[in-house]
Participant: 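After the structure tokens below, expect a handful of questions from me.
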Amino acid sequence: MTEIAQDDRLAKLAQLRAEGLDPYPPRGVAGTPVEELRAAAGTPDEPGPRVGERVTAAGRLVGLRDFGKLIFAPLQDRTGRIQVGLQKNRLSEWWPRRKHLDGGDLVAVSGELGHTQKGEPTIWADEVQLLSKAVAAPPEKWHGLVDVEQRYRRRYVDLWASEGVREVFQARSRVLSLVRRFLEDQGYLEVETPILHPIVGGAAARPFVTHYNALDADFYLRIAPELYLKRLIVGGLERVFEIARNFRNEGLSRRHNPEFTMLELYEAQADYRRMMEITEQLMEHLALELHGQTTLTWRGEQYDLKAPFARLSYADLLREHAGVDLADEAALRAKARELGLDADMPAGKLAHELFEETVEPHLHGPCFVVDYPVAISPLAKVKPDDPTVAERFEVYLGGMELGNAFTELNDPAEQERRFAEQVASLDPEAPGEVDVDYVQALEYGMPPAGGLGIGIDRLVMVLTGQDSIRDVLLFPALRPQRGDAAAQEAEPAADEA
RNA sequence: GGGCGCGUAGCUCAGUUGGCAGAGCAACUGGCUUUUAACCAGUAGGUCCCAGGUUCGAGCCCUGGCGCGCUCACCA
């Protein structure tokens with residue numbers, strides 16, 4: 001037992017065992033979901049179909065109100081709560097054992113479904129079975145877990161002790177399920193591609209490095225599944241998607257977690273215009289399925305996910321908010337210096353710095369920003385009428401990037417050239433070597449295709465009204481907890497050095 | 001990595017000018033058969049994040065460290 005086990009509960013545990021009762025019995029009890037029982041109880045004026053019937057429910061006791069010869073206790077399962085009434089005269093033999101119960105214990109309760117005088121649906125128990133003794137005390141009943149660190153570190157408590165938390169993750173699951181159905185209905189195939197990559201690619205980010213013992217080589221946790229999914233387009237699968245956990249060895253923020261989930265999809269014979277349609281249709285569909293309407297509130301602002309979304313040109317936005325022309329490199333550098341940005345970087349990256357600084361905060365959305373500089377789009381095809389601009393868009397909402405898409409570059413020679421440029425740039429986020437195998441895949445011929453990536457975590461944030469990515473991740477990244485001794489050992493005190 | 005803030009009972013939080021460590025909930029004892037944050041009476045519960053320092057005296061002031069949050073940087 002650890003330090004969080006409570007002495008009084010351990011004493012009860014010992015007492016249970018002394019009486020020959022197993023506090024951790026091997027078999028569970030299949031009860032009826034409590035939400036169903038509540039519905040089947042109806043109200044005292046209009047009793048439901050199962051009133052008077054003997055029912056069974058299993059779950060966690062989340063509180064006890066003891067009246068002497070009567071105890072009320074809310075019982076919670078994955079679907080909600082229902083009240084249990086423990087009465088001396090219905091539980092004659094079991095009654096003395098009520099003292100073994102604590103808030104937080106897992107139990108199964110059987111008894112007649114009915115109501116109290118105040119009309120609360122109640123299971124009037126004639127049998128109680130302890131399914132698992134909680135020797136750690138639950139958090140304060142009214143506030144739940146408030147300390148955010150404790151909430152993230154002990155999500156297993158937060159999920160049942162804090163209001164609304166379970167619902168967020170149920171909604172997240174629903175989003176994934178709806179996405180799968182939406183795409184499968186359009187002929188998409190869900191695939192799984194490697195997470196361990198020998199070459200970093202598909203995005204610009206610092207990778208996590210690991211060592212592959214069997215191959216005696218350093219590998220990288222993927223920063224994006226893109227290049228493998230496009231190999232499958234070469235392979236003729238034509239419509240593929242992956243709900244991919246990606247890993248980027250970068251900072252944490254309300255919008256960033258080093259491991260995050262990205263929906264990526266690729267469709268042969270499509271282009272970025274088709275990707276815009278699928279994006280807005282998918283987002284509208286999710287809003288309707290989750291909320292029954294296309295409007296929602298996020299961080300105090302109203303948004304309407306009704307398709308179509310506005311299409312806004314990257315160059316126009318830059319002109320409007322930064323007052324500079326994308327093609328005018330001198331003006332870009334002047335403006336960057338004015339804003340105190342690093343003005344020495346390549347023109348394409350510089351423009352994007354300006355874009356993030358001046359335009360992004362104003363993108364209420366939902367909207368598509370279209371036609372990005374080629375220099376920051378090494379995997380996208382250029383526009384036929386303007387070789388400096390790529391057929392690429394990002395979808396924004398509330399100043400936050402939700403997705404990124406383009407018409408895929410399928411010319412192997414040009415792809416090879418752009419990879420080489422990246423490698424030569426010595427950018428710490430650029431790949432260290434050209435992915436020759438990917439170029440060779442293109443040499444076999446990749447059909448014209450559109451590709452799209454959508455940040456699932458951020459999308460769920462918007463759909464569930466959560467401000468922080470941590471609130472849509474069951475176990476967000478946190479520094480590992482060490483004992484004080486270990487901490488002292490790892491970081492010797494300054495006066496000892 | 002920088003700046004700001006927070007860290008006190010199992011949980012949620014007070015803590016005055018530096019002067020005996022507090023409340024509610026949870027727990028324990030007693031009472032109560034219709035409450036739903038039940039109620040009433042009583043009891044017990046502390047490494048005030050850690051390590052130093054200043055001081056007659058530190059939860060409070062100073063230094064360093066640890067953890068978390070916000071924010072900036074970073075994130076094509």
Side-chain angles (χ1 to χ4, degrees), chain A residues 3-9 11-12 62-74 81-90 99 102-104 114-122 124 135-154 157 161-162 203-206 223 248-258 260 342 345-346 348-353 355-356 372-380 390 392 394 401 404 422 425 427-430 455 467-468 470 478-488 490-497:
Chain A
E3 67 281 359
I4 70 165
Q6 305 276 295
D7 289 343
D8 57 283
R9 290 172 184 249
K12 290 178 187 180
V62 289
L64 294 170
R65 292 185 289 277
D66 187 346
F67 287 79
K69 296 187 180 62
L70 166 68
I71 299 169
F72 287 118
R81 288 182 181 187
I82 194 167
Q83 178 165 270
V84 172
L86 308 175
Q87 292 173 299
K88 186 182 180 189
N89 55 12
R90 287 185 188 240
K99 295 293 183 190
D102 289 300
H115 298 90
T116 63
Q117 290 171 5
K118 294 274 171 63
E120 179 74 19
T122 300
W124 296 108
V135 294
E140 207 260 356
K141 64 186 173 190
W142 186 240
H143 297 92
L145 263 190
V146 171
D147 180 340
V148 289
E149 180 181 357
Q150 288 303 313
R151 290 190 44 224
Y152 300 148
R153 288 199 192 278
R154 300 193 197 277
V157 176
S162 303
R206 291 179 173 81
I223 59 171
R248 298 184 181 177
N249 209 340
E250 287 165 350
L252 290 82
S253 81
R254 281 201 299 181
R255 307 172 173 199
H256 297 88
N257 195 71
F260 65 100
D342 174 12
M345 57 182 72
K349 282 198 89 167
L350 187 70
H352 200 62
E353 285 288 314
F355 183 87
E356 290 184 336
Y372 277 65
V374 165
I376 55 169
S377 313
L379 301 165
R392 171 180 175 190
E394 292 196 353
E401 177 194 340
N404 181 23
Q422 281 189 293
S425 75
D427 184 332
E429 291 180 352
D467 286 354
S468 170
R470 294 186 178 94
L478 290 173
R479 198 173 297 278
Q481 263 189 326
R482 301 178 295 184
D484 289 324
Q488 297 295 325
E491 302 276 347
D495 53 342
E496 286 175 24

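Here is the naming used below: chain letters follow the sequence lines, and residue numbers restart at 1 for every chain.
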Participant: Report, as a single string ordered 5' to 3', how protein heavy atoms within less than 4.0 Å touch nucleotides 68-74 of chain B: B base, S sugar-phosphate only, - not at all.
Facilitator: SSSS---

Participant: Could you give the distance separating B/rC60 and B/rC20 at their P atoms, to the nearest angstrom?
Facilitator: 14 Å

Participant: In whole Å, measure the gap between the C1' atoms of B/rC61 and B/rC11 for me.
Facilitator: 30 Å

Participant: Rounded to whole Å, how long is the line connecting atom CG of A/Asn404 with atom C1' of B/rA76?
Facilitator: 8 Å

Participant: Between the protein and nucleotides 23-27 of chain B, list every N/O to N/O distance that falls short of 3.5 Å.
Facilitator:
from	atom 1	to	atom 2	distance (Å)
B/rC25	O3'	A/Lys141	NZ	3.1
B/rA26	OP1	A/Lys141	NZ	2.7
B/rA27	O3'	A/Asp8	OD2	3.3
B/rA27	O2'	A/Asp8	OD1	3.2
B/rA27	O2'	A/Asp8	OD2	3.1

Participant: Look at the side chain of A/Pro139 and decide which nucleotide, out of B/rC11, B/rU34, B/rU33, has an atom nearest to it.
Facilitator: B/rC11

Participant: Looking at every strand, decide which applies to A/Gly144 at a 4.0 Å heavy-atom threshold: base, sugar-phosphate, or nothing.
Facilitator: sugar-phosphate

Participant: Heavy-atom nearest nucleotide on RNA chain B for A/Asp66 versus A/Glu120: which residue maps closer to 5'?
Facilitator: A/Glu120

Participant: Specify whether A/Phe72 and A/Phe67 have parallel, tilted or perpendicular ring planes, treating 30° as the upper limit for parallel and 60° as the lower limit for perpendicular.
Facilitator: perpendicular

Participant: Given A/Asp147, which partner from the list A/His143, A/Arg151, A/Gln150 fulfils the side chain to side chain contact (heavy atoms under 4.5 Å, CB included) test?
Facilitator: A/Gln150

Participant: Considering only atom C1', compute the distance from B/rG30 to B/rU36 and round it to an integer number of Å.
Facilitator: 23 Å

Participant: Considering Watson-Crick and G-U wobble pairs with both distances under 3.5 Å, what does B/rU17 pair with?
Facilitator: none

Participant: What distance, rounded to whole Å, do you find between the two P atoms, one in B/rU63 and one in B/rG3?
Facilitator: 13 Å

Participant: Send over the distance from A/Leu86 CG to B/rA38 C1', rounded to a whole Å.
Facilitator: 15 Å

Participant: Please give the distance between the P atoms of B/rA9 and B/rA23 as a whole number of Å.
Facilitator: 14 Å

Participant: Identify the nucleotide, in any strand shown, that forms a Watson-Crick or G-U wobble pair with B/rG24, with both distances under 3.5 Å; if there is none, say none.
Facilitator: B/rC11

Participant: Distance between the P atoms of B/rC62 and B/rG7, in whole angstroms?
Facilitator: 14 Å

Participant: Contact between A/Arg65 and A/Pro74 at the side-chain level, heavy atoms closer than 4.5 Å - yes or no?
Facilitator: yes

Participant: For A/Trp124, does its backbone N or O pair with a side-chain atom of A/Thr122 as donor and acceptor, under 3.5 Å?
Facilitator: no

Participant: Could you state the CD1-P distance from A/Ile71 to B/rU33, rounded to the nearest angstrom?
Facilitator: 12 Å

Participant: Hey, does A/Ala203 reach any base, or is it just sugar-phosphate, or nothing, if we go heavy atoms under 4.0 Å?
Facilitator: base

Participant: Between atom CG in A/Leu145 and atom C1' in B/rC13, what is the gap in whole Å?
Facilitator: 14 Å

Participant: Just the rounded figure in Å: distance from C1' of B/rC49 to CD of A/Gln150.
Facilitator: 12 Å

Participant: Quickly work out the A/Gln117 CD to B/rU34 C1' distance and round it to whole Å.
Facilitator: 4 Å

Participant: Rounded to whole angstrom, note down the C1' distance from B/rG67 over to B/rC56.
Facilitator: 34 Å

Participant: Both distances under 3.5 Å, Watson-Crick or G-U wobble: report the partner of B/rC60, or none.
Facilitator: none

Participant: With rounding to whole Å, what would you report as the distance between B/rU16 and B/rA44 at their P atoms?
Facilitator: 26 Å

Participant: Between atom OH in A/Tyr372 and atom P in B/rA76, what is the gap in whole Å?
Facilitator: 11 Å

Participant: Any non-hydrogen side-chain atom of A/Arg392 less than 4.5 Å from a side-chain atom of A/Glu394?
Facilitator: yes

Participant: So what does A/Ala205 touch, heavy atoms closer than 4.0 Å: a base, only the sugar-phosphate, or nothing?
Facilitator: nothing

Participant: Could you check how far CZ of A/Phe72 sits from C1' of B/rA37, rounded to whole Å?
Facilitator: 15 Å

Participant: Is it true that a side-chain atom of A/Arg90 and a backbone atom of A/Gly85 form a donor plus acceptor pair closer than 3.5 Å?
Facilitator: no

Participant: To the nearest 0.5 angstrom, please state how far the CG atom of A/Leu145 sits from the CZ atom of A/Arg153.
Facilitator: 13.0 Å

